Amino acid sequence: MSTSLLYALVGIGLFSLSLYGLIVHSHLLRKILALNIMGSGIFLVLVALAGRTGEAPPDAVPHAMVITGIVVAVSATALALTLMLKLAAETGRAELPDEGRE
Amino acid sequence: MMLIDYLSAVLLIAGAVFFLAGTVGLLRFSDVYMRLHALTKADNVGLGLMTAGLVMQAESWAVAGKLLLIWLLVLLAGAGVAHLIASGALKRGIRVWKR
Amino acid sequence: MQTLYLALAVFLLLNLGAGMWRVLRGPSAADRMLAAQLFGTTAVAVLVLLGQAMESTALLDVALLFALLAAVTAVAFVRRAWPETNNDVD
Amino acid sequence: MEALTLLGWMFDGLLGLGLLWVAWRALTSPDLFRAIVLFIAFGLLMALAWVRLEAPDVALAEAAIGAGLTGALLLAAFAKLSSITASGDEKQADSARIYSHQLYWIAAVALLVAAGLGYVILSLPPYAAGLSVEVAANLQTSGVSHPVTAVLLNFRGYDTLLEMVVLLVALLGVWSLGGPAIGRGSAPGPVLDMMARVLVPLLIMVAAYLLWVGAHAPGGAFQAGAVLGAAGVLLLLADWRPRAGLMGWPLRLMLVAGPAAFVVMAALLYMVEGRLLAFPPAQAGMLILMLETAATVSIGVTLAALFLGGRPQSDKEHT
């Protein structure tokens with residue numbers, strides 16, 4: 001077991017936990033949090049696996065991808081939060097309508 | 001180890017003790033204001049002692065300067081935020097703990 | 001010295017874990033935010049220690065960013081998210 | 001040496017467990033505000049993880065975004081949400097929707113996913129150079145000496161161009177949804193004023209430093225842009241309002257400076273070199289710095305505008 005393997009497994013754990021959270025919660029702010037944690041899990045796997053270069057410095061390509069990914073994720077979060085606020089202003093609740101139940 | 005190593009080790013450990021004290025205070029004190037007091041000790045003194053310990057080990061003046069700058073920034077931000085939170089808590093009527 | 005740096009970093013990480021209790025416990029929003037503030041400072045300390053232990057000056061830049069930006073979240077809390085009326089049970 | 005490796009493992013193990021635990025609490029906490037604070041703490045721990053994985057560039061980006069922007073965005077959205085909906089509403093709604101037997105199924109699916117992915121990870125070869133050999137081989141001709149910057153601006157310039165466009169599209173989405181941005185009534189007070197006055201110039205200086213240092217060490221346009229964005233957020237929180245004249249075309253110009261610089265550069269290089277974004281090695285360093293400067297300004301202004309929310313209106317549009 002190496003450090004990169006440890007963090008890659010943590011990344012997968014984060015992905016699965018937030019998959020559960022994403023499905024279970026109907027509140028949209030919680031879904032946004034879950035998606036963000038999910039993204040962090042994926043980034044962690046990418047960067048951890050980039051470290052499998054032995055003594056050489058880690059692979060720079062996944063690092064570059066993750067940096068842009070972090071910046072894009074925050075702007076997507078801002079858009080999602082605005083959408084949620086718009087929905088809450090229209091319907092009075094921060095949830096998607098569930099037609100099967102109501 | 002040289003004398004300077006011992007000295008910086010002492011400073012580093014003393015800094016860590018202040019962090020511990022800050023955390024214990026955060027957990028044990030009974031209202032926002034007291035917890036704020038505990039927190040700022042870790043901010044100011046804990047990090048200050050640690051940077052002092054590390055500055056002695058720094059290879060270059062640039063590194064030492066950067067360490068000091070980090071500490072000064074934490075001081076500034078910590079003081080400002082502590083004031084904002086304390087005055088905000090008073091304004092919102094969060095009561096001061098009395099025995 | 002390397003061993004001491006890393007040992008102190010582990011110690012600070014444990015400290016951070018203990019502080020998590022205050023985030024979970026509250027009771028008021030300000031208490032949770034205070035704990036987050038302490039995490040920020042602890043992370044700065046861990047970063048400068050790791051920077052020395054891993055001999056990487058880039059980590060000092062990360063610590064510098066943390067020191068600069070720790071205030072932004074707290075200010076956002078005070079200015080935006082802190083309810084004007086005190087609903088917290090003390 | 002023995003003690004050192006052991007301590008390293010302890011640190012990584014604790015950090016890994018801490019990440020999982022904080023994520024779990026953030027996902028399941030009944031109190032929404034608490035979930036947000038836990039998520040902010042999660043961002044801090046992520047930055048430490050990047051450091052341990054020898055990815056200081058990523059740590060810089062995470063520190064700027066995680067410590068500054070995401071927290072501010074979430075807290076501001078939470079406050080607006082609580083003013084729209086009744087705050088108690090969420091708790092009952094959330095638990096009433098899902099039956100407990102469904103929870104077991106969902107947990108089982110998540111566990112299966114974890115097991116499957118874990119198996120894949122464990123069966124990967126322990127050594128894989130990836131593209132690091134190619135990057136190292138071509139670093140000489142890239143114009144910069146830091147591999148991550150070389151990948152971002154030179155080898156994968158297309159990706160970065162498109163990412164700039166994604167940022168812009170996200171902002172356009174926000175602008176098309178919201179009304180004008182609303183500010184908080186209370187005055188910022190002298191202390192916040194002082195903090196903004198000291199911290200904002202420092203943030204701008206640090207952004208410039210990161211932009212400059214990116215050519216040969218961790219740093220670069222995205223990190224610098226994130227720091228600039230945080231400076232903008234701090235200004236907005238201190239109730240700084242730019243003059244209405246600035247909100248018209250000067251703002252738009254800054255927003256499109258990055259993508260536009262990329263497109264113009266690509267077109268020019270196509271005419272000179274015959275390929276889009278193919279930098280001639282001799283001038284590459286200079287051209288990359290120009291691109292990065294434009295990108296930094298655009299990223300910073302876009303992020304601050306995203307925090308502001310609604311479309312800022314200039315005087316002309318009012319009439």
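What you see is a predicted model; the values in this text were computed from it and never measured. Just so it is clear: chains get the letters A, B, ... in the order the sequence lines come, proteins before strands, and each one is counted from 1.
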Chi angles and distances behind the side chain to side chain contact (heavy atoms under 4.5 Å, CB included) call for C:V44, B:W71 = CA-CA 9 Å; C:V44 170; B:W71 179 53; over 6 Å; no

What residue pairs, at least two apart or across chains, pass salt bridge (charged side-chain N to carboxylate O under 4.0 Å, His left out) with a residue in residues 63-73 of chain B?
-> B:K66-C:D61

Contact origin within C:F66 toward chain B - heavy atom pairs under 4.5 Å | neither

Where on C:L4 is there a heavy atom nearer than 4.5 Å to chain B: the side chain, the backbone, both, or neither?
-> side chain

Interchain contact, [X] with chain C, by part (heavy-atom threshold 4.5 Å):
| X | result |
| --- | --- |
| B:V81 | side chain |
| B:F29 | backbone |
| B:A38 | neither |

Would B:M50 and C:L12 satisfy side chain to side chain contact (heavy atoms under 4.5 Å, CB included), going step by step from the backbone distance to the final call?
-> CA-CA 12 Å; B:M50 283 215 164; C:L12 288 177; 4.0 Å; yes

Distance (rounded to the nearest 0.5 Å) between [X] [atom1] and [Y] [atom2]:
| X | Y | atom1 | atom2 | answer |
| --- | --- | --- | --- | --- |
| C:L34 | B:I85 | CG | CD1 | 4.5 Å |
| C:M1 | B:M2 | CE | CE | 10.5 Å |
| B:L84 | C:F77 | CG | CZ | 11.0 Å |

Heavy-atom pairs under 4.5 Å with chain C are the metric here; pick the option from [options] that has the most.
| options | result |
| --- | --- |
| B:G46, B:A58, B:G88 | B:G88 |
| B:S60, B:A16, B:A77 | B:A16 |
| B:L54, B:V74, B:L67, B:T51 | B:L54 |

Would you please test C:T41 and B:F19 for side chain to side chain contact (heavy atoms under 4.5 Å, CB included) and show each step?
-> CA-CA 9 Å; C:T41 315; B:F19 270 99; 4.2 Å; yes

Just give me the residue among C:V75, C:L16, C:V72, C:L49 that pairs up with chain B most often, heavy atom to heavy atom, under 4.5 Å.
->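 The option with the most such pairs is C:L49.
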
Go through C:A7, C:A70, C:A67 and name the one with the most non-hydrogen pairs under 4.5 angstrom from chain B.
->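 Counting heavy-atom pairs under 4.5 Å, the top option is C:A67.
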
Contact summary for [X] and [Y], nearest pair of heavy atoms:
| X | Y | value |
| --- | --- | --- |
| B:L26 | C:R22 | O-NE, 2.8 Å |
| C:L38 | B:T23 | CD2-OG1, 3.9 Å |
| B:L27 | C:A18 | CD2-O, 3.5 Å |

Would you list the atom pairs, donor with acceptor, under 3.5 Å between side chains in residues 7-15 of chain B and any protein atom, with sequence neighbours excluded?
{"residue": "B:S8", "atom": "OG", "partner": "B:D5", "partner atom": "O", "Å": "3.3"}
{"residue": "B:S8", "atom": "OG", "partner": "B:Q57", "partner atom": "NE2", "Å": "2.9"}

